[in-house]
Amino acid sequence: PAEPTLVLRLKFLNDTERLARVRPGDTVGALKRTYFPGQEQQVRLIYQGQLLRDDAQSLAGLHLSHLSVLHCHLSPPSVAPAAPGTPGPRSPAPAALGVGSLALPLFVLLLALLWYLQLQHRHVFTATATTCLAGLTLLVTFVAFAMYRR
């Protein structure tokens with residue numbers, strides 16, 4: 001008798017899905033070879049929070065049902081090490097201190113100081129200065145939400 005086939009949902013990190021037709025007797029390694037040819041070493045399959053490390057394990061042993069979800073993580077291919085004596089690719093320079101990542105907290109701190117001064121020394125701030133401070137606060141708030149929303 002022919003072995004029944006299962007349909008599995010292969011779900012990727014970017015929320016795309018792919019359907020895989022398998023037999024319960026197939027192994028994890030066979031699934032990788034069939035649906036990720038040439039990438040067997042880069043693909044990681046996760047089922048119910050467990051990384052499927054053993055390529056010889058049968059799918060029946062995992063107790064998969066029809067439309068079970070296997071999460072897939074594809075890591076970038078590793079670069080083969082250079083032969084001794086040949087110069088390899090240059091390693092990237094260490095990242096400089098990200099001044100951009102410090103700019104927004106610095107603006108927020110500066111705005112907090114200006115608001116404190118405006119509340120404590122109201123007589124020094126004109127109506128125009130207070131309006132500009134409120135507008136600047138609104139602008140920095142929008143920028144902060146736009147930056148950290150990504």
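Here the structure is a predicted model, which is why all the values come from computation and not from measurement. Scope of the values below: all heavy atoms of this structure, side chains included, with no hydrogens, waters or symmetry mates.
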Same cluster (ILVMFWY, side-chain, under 4.5 Å), Leu117 and Val124:
yes
side-chain contact (heavy atoms from CB on, under 4.5 Å) between Thr34 and Asp26, worked out:
CA-CA 10 Å; Thr34 304; Asp26 290 348; over 6 Å; no
Exercise. In terms of heavy-atom contacts, does CD of Gln41 have more than 12 from other residues, nucleotides or ligands at under 6.0 Å?
Worked result: no
For Phe36, the other hydrophobic cluster members (4.5 Å side-chain criterion, sorted by chain and number) are Leu6, Leu8, Leu10, Phe12, Val22, Val28, Leu31, Tyr35, Val43, Leu45, Tyr47, Leu52, Leu59, Leu62, Leu64, Leu70, Leu74
Checking the side chain of Thr5 only, and the main-chain atoms of Arg21 only, is there a donor and an acceptor separated by less than 3.5 Å? no
(request) Kindly say whether Gly38 contributes a backbone atom to a donor-acceptor pair with the side chain of Glu40 at under 3.5 angstrom? (result) yes
(Q) Tell me whether Phe107 at atom CZ has more than 12 heavy atoms from other residues, nucleotides or ligands lying less than 6.0 Å away. (A) no
Exercise for review: Would you please test Thr128 and Thr131 for side chain to side chain donor-acceptor pair (under 3.5 Å) and show each step?
Suggested key: CA-CA 5 Å; Thr128 305; Thr131 304; over 6 Å; no
Residues passing the salt bridge (Lys or Arg N to Asp or Glu O under 4.0 Å) test with Arg9, sequence neighbours excluded, are Glu17
NE2 (His71) and CD (Gln48) are apart, to the nearest 0.5 Å, by 9.5 Å
Assigning hydrophobic clusters by single linkage (Ile, Leu, Val, Met, Phe, Trp, Tyr; side-chain heavy-atom cutoff under 4.5 Å), is Phe125 placed with Tyr116? yes
When rounded to the nearest 0.5 Å, the distance separating CG of Leu113 from CD of Gln118 is 12.0 Å
On a heavy-atom basis, the closest approach of Gly25 and Ser58 is O-CB, 4.2 Å
Residues at least two apart in sequence or cross-chain that pass salt bridge (Lys or Arg N to Asp or Glu O under 4.0 Å) with Asp54, listed by chain then number, are none
On a heavy-atom basis, the closest approach of Thr137 and Trp115 is OG1-NE1, 2.7 Å
Rounded to the nearest 0.5 Å, the SG atom of Cys72 sits from the NZ atom of Lys32 at a distance of 10.0 Å
* To do: Tell me yes or no: between the side chains of Thr27 and Gln57, is some donor less than 3.5 Å from an acceptor?
  => no
